[in-house]
A.B. asks: 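Okay, here's the structure, questions in a sec.
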Amino acid sequence: MSPHTDTLRTLNSKGAPSDVEISFTNVSKAWGSNQVLRGLNFEVAPGEKVSIIGPSGSGKTTILRILMTLETPDEGLVTVGGDVLWDAKRGVKNKETKQTIATRRKVGMVFQQFNLFPHMTVLENVIEAPIHVLGISKQEANERAVDLLELVGLKDHMKHTPPELSGGQQQRVAIARALAMRPRVMLFDEPTSALDPELIGEVLNVIRRLATTTDMTMLMVTHEMRFAQEISDRVVMFDKGVVVEAGPPEQLFKNPQQERTQQFLKAVNPY
Amino acid sequence: MSIWDSEFAISIIPVLLHGFWITIQITFWSFLISLAVGLVVSVIRFLKIPIVSRLGDFYVSFIRGTPLLVQAYIAYFVLPSFGLVYDALPTGIVVLGLNYSAYTAEVYRAGIEQLPKGQWEASRALSLPPARTWFRIVVPQAVRPIIPVLGNYLIMMFKDSAILSSITILELLGTALQIGSNYYRYLEPITIIGLMYLAISFPCSLLIRRLERRFVPTH
Amino acid sequence: MNAVIEFGPLLLQGLWVTILVTVLGALLTIVVAFAAGLSGLSKHWWLRVPSSIFVEFFRGSGLLVQMFWFFYALPFLGIQLTPLMAGVLALGLNEGAYAAEVVRGTIRSRPKGQTEAAIALGMSPSLRMRRILLPQSFPSMLPAFGNVMVDLLKNTSLVSLVTVSDLTWRAFTARTVTGATLELFLTILVLYYLLSLLLGWLTRWLEKKYALDRKSLAKARPLKNLVGGVSA
């Protein structure tokens, strides 16, 4: 799906070809003396499912957070769906500008810690943003929410509050909540890392369904290697702020080219 | 006459400083009393002696739940009728000290309770006698986090000492009011003392905040 | 005790004034607390700095001094406040400054993930504060707010010093007439104590009612077809 042509008007000379959903061009980010991303160049095609793996502190979460405007890049250009999200050169660095807000709407995120709103019921969590941000009527938001909760298998828990749910249930609600905003891009930041082992499967099932039945672009940071192998179109290995290696899952997991990748995979999967 | 009379303002500063000195003395002695009496009260409560400890609980609850002003009036007006005639200043110091002893007692209690149970259990496992347990294990650890809180109470007592002006003590506020009524100019004296209270309170509270950061680390 | 009975009606009048001053002071405290507290959280320095100055000034200069200033000094600047206004104003600004720190501290201590989730859903800063941060913070604010209110109640006794005829003032004047100091002052001590206990119970009731991990209504009411009909 190509973006509307009128949204290309603010691009710089490089432009963004219509078969790119997400693009990072020369993006750098440092925390004090720690250079988290160095001149990152990275693209994701529309509808592509990409998994990002790598050791902690490698910068993989920072990529997602920059896309969700939770962090500001020091340098570089980031576009989503053809629109500029961040452009350090032209001073597009403030996250509450009209431009950033409009572009950000295309992106949704699921967090490691779920971050459901504890003072609202499950249903209220899911309808909150559609009503107050998109301006949808309460009736329509409710209908949409019920459908999504059914999709994630939690329709019966509509009136429960987050503290009453298990971690796996909360994360599934979080997914429904993000989907209610109909984003073009869904980000998953280690969605199962905070879960008890027996609850991981129910969340992965939902993500698998999204991957196989929708044409949303999905970007997932995860340690679940087998899952990444199963659903991804492309796997990217990150370390120390740069892409070490990238490729189709069969190639990267079975036949990693770089030594660092081999090291990492062996440490994570000792057999 | 202009609104602010600078000459007048400067002329009253010496007198105000004398009142300020009284305030400092009150604060100092009251603080000591509150620390000592609060300790006694909290020990009594801790030991859970059948009736006495409950009285201690009630003492703390009642004093914290009633105004200092009324307590001061009682001390000033009632005691003489029992034959206990004292000057206003010592009376005020004791009242302020006893009032805050209810707060320090709570601070001591919280400090002890915050100590991880494991410390008590380890002491018992090592068969340490009670006195050693208290002096070498419990108190040193409990004291550190409560120091900033006690510091805050010191600052509060400094400001609350102004209430004692109502029982004829010529501390800072009392002095200012006396100047005001003598010269019928209130703006300068009250404004100046307001700034004086602020000049002490604010830096001290910044110090306390720094102490908090040092003494109450997050694990 | 005769004095107490004889002056009972007047004492009750004083009690009523004390309650009035407490309620008015509490209302002003709440307004000031949120105005100064939320300003203190703003990303605009021109909101944060005045808020800071206000809070430090009113916490540091002492309530009684402030009350006397409003009553005795303000007239010299051309503003004449009634005793009641001077008392309530000082109480509200002073306690409001303390409560502002409660508001600011509670909201700041909410997990960062809440703000991030709200950003991820496209919510603007004001929406985030209004719909997400403030409602969650409210239950946590209650205990500290309760303490501020009890403090306020006790401090209303100071308005007697600027000639407001509250409970303390009534007891004081009754005493000068009858000399029955102990009975009168003990009586009002007990009345203040009961009022502060009442405030404590009120606070705990509110805490229970608005607790974040309370059981939802799901268990209490059977589920019906909820499409288009959800209004909790």
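None of the values given here were measured: they were computed from a predicted structure. Protein chains get the first letters and strands the later ones, always in sequence-line order, with residue 1 at the start of each.
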A.B. asks: Taking side chain as everything from C-beta outward and backbone as N, CA, C, O, which of these in C:Phe57 sits under 4.5 Å from a heavy atom of chain B? Side chain, backbone, both or neither.
C.D. replies: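 Its backbone and side chain both get close to chain B.
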
A.B. asks: About how many Å separate CH2 of B:Trp4 and CZ of C:Phe76, when rounded to the nearest 0.5 Å?
C.D. replies: 11.5 Å

A.B. asks: Keeping to residues at least two apart or across chains, list the salt bridge (Lys or Arg N to Asp or Glu O under 4.0 Å) pairs with something in residues 87-102 of chain B.
C.D. replies: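 Found none.
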
A.B. asks: Between C:Lys154 and B:Arg64, is there a donor-acceptor pair closer than 3.5 Å when you use the side chain of the first and the backbone of the second?
C.D. replies: yes

A.B. asks: Can you say whether C:Ile188 sits under 4.5 Å from chain B via the side chain, the backbone, both, or neither, judging by heavy atoms?
C.D. replies: side chain

A.B. asks: Quick one, B:Phe77 and C:Phe185 - any side-chain contact, counting heavy atoms below 4.5 Å?
C.D. replies: yes

A.B. asks: Before you tell me yes or no, could you show the steps for B:Val78 and C:Leu186 under side-chain contact (heavy atoms from CB on, under 4.5 Å), namely the whole-Å CA-CA distance, both residues' side-chain angles and the distance that decides it to 0.1 Å?
C.D. replies: CA-CA 10 Å; B:Val78 172; C:Leu186 270 186; over 6 Å; no

A.B. asks: Taking C:Thr181, C:Leu182, C:Leu189 one by one, which has the highest count of heavy-atom pairs under 4.5 Å against chain B?
C.D. replies: C:Leu189

A.B. asks: Hey, what do you get for OG1 (B:Thr66) to CG (C:Leu191), rounding to the nearest 0.5 Å?
C.D. replies: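 The distance works out to 11.5 Å.
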
A.B. asks: Measuring heavy-atom distances to chain B, does C:Arg59 have an atom under 4.5 Å in its side chain, in its backbone, in both, or in neither?
C.D. replies: both

A.B. asks: Can a side-chain donor-acceptor contact be found between C:Tyr193 and B:Ser61 if the only test is distance below 3.5 angstrom?
C.D. replies: yes

A.B. asks: Does the pair B:Ile3 and C:Leu77 meet the rule for a side-chain contact (heavy atoms from CB on, under 4.5 Å), with working shown?
C.D. replies: CA-CA 7 Å; B:Ile3 293 180; C:Leu77 295 175; 3.3 Å; yes

A.B. asks: Does any backbone or side-chain atom of B:Leu177 lie under 4.5 Å from a heavy atom of chain C? Answer side chain, backbone, both or neither.
C.D. replies: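 Just the side chain, heavy atoms under 4.5 Å.
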
A.B. asks: Do C:Tyr72 and B:Leu187 pass the side-chain contact (heavy atoms from CB on, under 4.5 Å) test, and can you show the C-alpha distance, the side-chain angles, and the key distance before you say yes or no?
C.D. replies: CA-CA 7 Å; C:Tyr72 282 118; B:Leu187 179 62; over 6 Å; no

A.B. asks: Heavy-atom distances under 4.5 Å only: say whether C:Thr156 touches chain B with side chain, backbone, both or neither.
C.D. replies: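 When you check distances to chain B, no heavy atom of C:Thr156 falls under 4.5 Å.
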
A.B. asks: Could you tell me which non-hydrogen atom of B:Ser165 sits nearest to which non-hydrogen atom of C:Leu64, and how far apart they are?
C.D. replies: OG-CD2, 4.4 Å

A.B. asks: With a 4.5 angstrom heavy-atom cut-off, is it the side chain or the backbone of C:Ser157 that approaches chain B, or both, or neither?
C.D. replies: both

A.B. asks: Can we say B:Arg209 and C:Glu101 salt-bridge, meaning some charged N sits less than 4.0 Å from an Asp/Glu carboxylate O?
C.D. replies: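 Here B:Arg209 does not pair with C:Glu101 in a salt bridge, since their nearest N and O are not under 4.0 Å apart.
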
A.B. asks: Quick one: do C:Glu56 and B:Ser205 satisfy side-chain contact (heavy atoms from CB on, under 4.5 Å)? Show the steps, please.
C.D. replies: CA-CA 9 Å; C:Glu56 296 302 337; B:Ser205 74; 4.2 Å; yes

